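Comments concern the structure below.
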Amino acid sequence: MIVLTKAPRGTRDILPDEVEQWQFFEEKVRALCRLFGYAEIRTPVFEHTELFLRGVGEVTDIVAKEMYTFTDRGDRSLTLRPEGTAPVARAYLEHKLYGEAQPLKVYYIEPMFRYDRPQAGRYRQFHQFGVEVFGAMEPSLDAEVMMLSLHLFRALGLGEFSLQLNSVGCPLCRAAYRACLQEELKEKVNSFCPDCTGRFHKNPLRILDCKHEVCQELTVGVSLMIDNLCGDCAEHFAAVREAMDALGESYVVNPRLVRGLDYYTKTAFEIVSPVLGAQSSLCGGGRYDHLLAAIGGPDVPGIGFGIGVERVLLARAAAGCSPPVSKSIDVFVATAGNVSAAEALRVVMDLRAEGVAADKDFLGRSLKAQFKFADKKQAKYLVILGDEEIKRGQVMLRDMQTGSQTDVALAELTSMVAKLVKGAKK
RNA sequence: GUGGGUGUAGCUCAGGAGGUUAGAGCACCAGAUUGUGGCUCUGGGGGCCGUGGGUUCGAGUCCCAUCAUCCACCCCA
């Protein structure tokens, strides 16, 4: 039975209290992207299913079992986007952005959808902050992209995380390596875990990244992609490392790091957090030099990453990062006696007109209850508007932190409070 | 998709081997001299005990199913 009072499985509401964390994250992202020269892009929440089949790869898990696909009334097969790169690549081609000054550097913070079994740090609707750069092959760009993600984590106060770096080669050297790896492993294929016996044919590189100890032991000393790169890929990888070294940035070369999506080439990286559970990957990215060609465009290179917003927020909480300061109201206008709610609203609107965040009671509560409410809302000041005050033309202004009170002429209240509030912000 | 844990008030949880009107803390609301928050005290509102079925004289408690949730695998952010 469908419960109407519950959000669908794997989805959740972000309530006002938590939204502050999200806005904090978004502010850091926007500031950094501006600093790094990345412009925001927004693409539709669904695309033609075919885009993901071609762009992500038909044998990947995302396409094989995790897509939210539906047919619309015009009999089109559409899919809620499971990742951000293919849609942005599509937009790049559709609007012929390769005709503009290159490279094109864009970012997005948008919801993604994957029909997966929910777990810690994994949801069916989740959010990714991602960047994509099209039209440049230079290794220093790979370094810049990684730097952006590292800087974001630091700006967010995340202390512990590690950057894992690898090169997955290009179609040429990877195909040759893949064949050589299969040759080396074929004797042991029956000793691997059930998952890896399957991987042997589907994606033998993935065996190297298996969590099972047996598989790890069986692959000790086996040839690695990193040692079998073609000249071009090896040179690129060395240059990326050189750029990172020059920046004094530490990273771990992990030759067993594999990307799940088909379109990755050369640089592959991942940033993992030790404070999360099994879903410890905060950021995954890399180069995809032939994705554009795969979906019918010119053979323009690209690079990007995706960062899981929920996971970053989870990691912040787990690491005990202090929450962002909550945005409370400046003034609460309380009424007493026969002063009408309409009169209070007029004062509140006057304050707001001066840029003072003001609020009032809307439940006809007692003065005491209004005080409690103002306290709960962490109002910095409270104004009492009572019969006495109206008569004298003086209202009482109370500093809620210190408890001190002063009389202020009603006519001067707005400018007075505006000055107080602005002074405190500096 | 696979395996395991858990579903009692808004939240965190109690409810000995089935037996009266299901409890606590926090939160919420009201009051403690008729116009003053935080601390304290008093009172109050709130629960299809996740849902459906079964066993029983009797089920929050036992059994089955289902849904949800959590953890892990797979995969990934």
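Quick note: numbers below take in every heavy atom, side chains included, and nothing from hydrogens, waters or symmetry partners. First the proteins, then the strands, lettered A, B, ... as listed; each starts at 1. Everything numeric here is computed off the predicted structure, so don't read it as measured data.
Counting any heavy atom pair closer than 4.0 Å across all strands shown, A/Lys65 reaches a base atom. A/Asp195 comes within 4.0 angstrom of the backbone, heavy atoms only, and of no base. Residue A/Gly277 is classed as a sugar-phosphate contact, given heavy-atom separations below 4.0 Å to backbone atoms only. At the heavy-atom level, A/Met112 lies nowhere under 4.0 Å from the strands shown. Using a 4.0 Å heavy-atom distance criterion, A/Tyr123 is classed as a base contact. At the heavy-atom level, A/Gly10 lies under 4.0 Å from the strands shown only through sugar-phosphate atoms. Looking at heavy-atom distances under 4.0 Å, A/Gly403 makes contact with a base. Contacts of A/Ala334 with the nucleic acid, taken as non-hydrogen atoms under 4.0 Å apart, are absent. In this structure, A/Gln125 reaches neither bases nor backbone, as no heavy-atom distance under 4.0 Å exists between it and the strands shown. Among the heavy atoms of the strands lying under 4.0 Å from A/Ile384 is at least one base atom, whether or not backbone atoms are also near. Heavy atoms of A/Arg259 sit under 4.0 angstrom from primed sugar atoms or phosphate atoms, though from no base atom. At a threshold of 4.0 angstrom between heavy atoms, the contacts of A/Glu66 are confined to the sugar-phosphate backbone, with no base atom among them.
Residue A/Phe46 qualifies as open at atom CZ: its count of foreign heavy atoms under 6.0 Å is 12 or below. The environment of A/Arg365 atom CZ is dense: over 12 non-hydrogen atoms of other residues, nucleotides or ligands sit within 6.0 angstrom. Counting heavy-atom neighbours within 6.0 Å of A/Asp227 CG, excluding the residue itself, gives a total above 12.
A close approach under 4.0 Å does not occur between any side-chain nitrogen or oxygen of A/Lys377 and OP1 or OP2 of B/G38. The phosphate of B/G37 has neither OP1 nor OP2 within less than 4.0 Å of any side-chain N or O from A/Arg398. For B/C28, the OP1/OP2 oxygens have a side-chain nitrogen or oxygen of A/Lys376 closer than 4.0 Å. For B/C75, the OP1/OP2 oxygens have a side-chain nitrogen or oxygen of A/Arg206 closer than 4.0 Å. OP1 or OP2 of B/C74 lies within a sub-4.0 Å distance of a side-chain N or O belonging to A/Lys211. For the pair A/Gln119 and B/A72, the criterion of a side-chain N or O lying under 4.0 Å from OP1 or OP2 is met. Side-chain N/O atoms of A/Lys368 include one lying less than 4.0 angstrom from OP1 or OP2 on B/G37.
Base pairing annotation: B/A17 forms no Watson-Crick or G-U wobble pair, as no partner gives both donor-acceptor distances under 3.5 Å. In a base pair of the Watson-Crick type (N1 to N3 plus N6-O4 or O6-N4) or a G-U wobble (N1-O2 and O6-N3), with each distance short of 3.5 Å, B/A77 is matched with no nucleotide. The partner of B/C41 is B/G31, judged by Watson-Crick or G-U wobble contacts that both fall below 3.5 Å. Nucleotide B/U69 forms a pair with B/G5, judged by Watson-Crick or G-U wobble geometry with both contacts under 3.5 Å. With a cut-off of 3.5 Å on both Watson-Crick or G-U wobble distances, the partner of B/G10 is given as B/C26.
Checking B/G38, B/U2, B/A77 against the side-chain heavy atoms of A/Asp375 singles out B/G38 as nearest. Nearest nucleotide to the side chain of A/His212, out of B/A72, B/C74, B/C70: B/C74. Listed candidates were B/A68, B/G35, B/C75. Nearest to the side chain of A/Leu367 is B/G35. Residue A/Ala120 has its side chain nearest to B/C71 when only B/C75, B/C71, B/A68 are considered. Nearest to the side chain of A/Ser281, among B/U36, B/U69, B/A77, sits B/A77. Listed candidates were B/C29, B/C76, B/C75. Nearest to the side chain of A/Arg311 is B/C76. The side chain of A/Phe371 lies closest to B/U36, out of B/C74, B/U36, B/A68.
Between A/Arg398 and A/Ser404 there is no side-chain heavy-atom pair separated by less than 4.5 Å.
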Start with the C-alpha gap between A/Arg352 and A/Asp359, add the side-chain angles, then the distance that decides, and say whether salt bridge (charged side-chain N to carboxylate O under 4.0 Å, His left out) holds. CA-CA 9 Å; A/Arg352 289 172 179 166; A/Asp359 209 350; 3.8 Å; yes
Go through the steps for A/Arg30 and A/Glu27 under the test salt bridge (charged side-chain N to carboxylate O under 4.0 Å, His left out), then give the verdict. CA-CA 5 Å; A/Arg30 294 187 197 292; A/Glu27 283 161 21; over 6 Å; no
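The base of B/G37 lies outside donor-acceptor range of the side chain of A/Gln378, with no N or O pair under 3.5 Å. Not a single donor-acceptor pair, N or O on each side, falls under 3.5 Å between the base of B/C29 and the side chain of A/Arg365. Counting atom types as modelled, A/Gln370 pairs no side-chain N or O with a base atom of B/U36 as donor and acceptor under 3.5 Å. Between the base of B/C75 and the side chain of A/Arg122 there is a donor-acceptor pair shorter than 3.5 Å.
For A/Tyr38 and A/Tyr107, the distance between ring centers is not under 6.0 angstrom.
For A/Asp387 and A/Glu83, each mapped to the nucleotide of RNA chain B holding its nearest heavy atom, the one lying further toward the 5' end belongs to A/Asp387.
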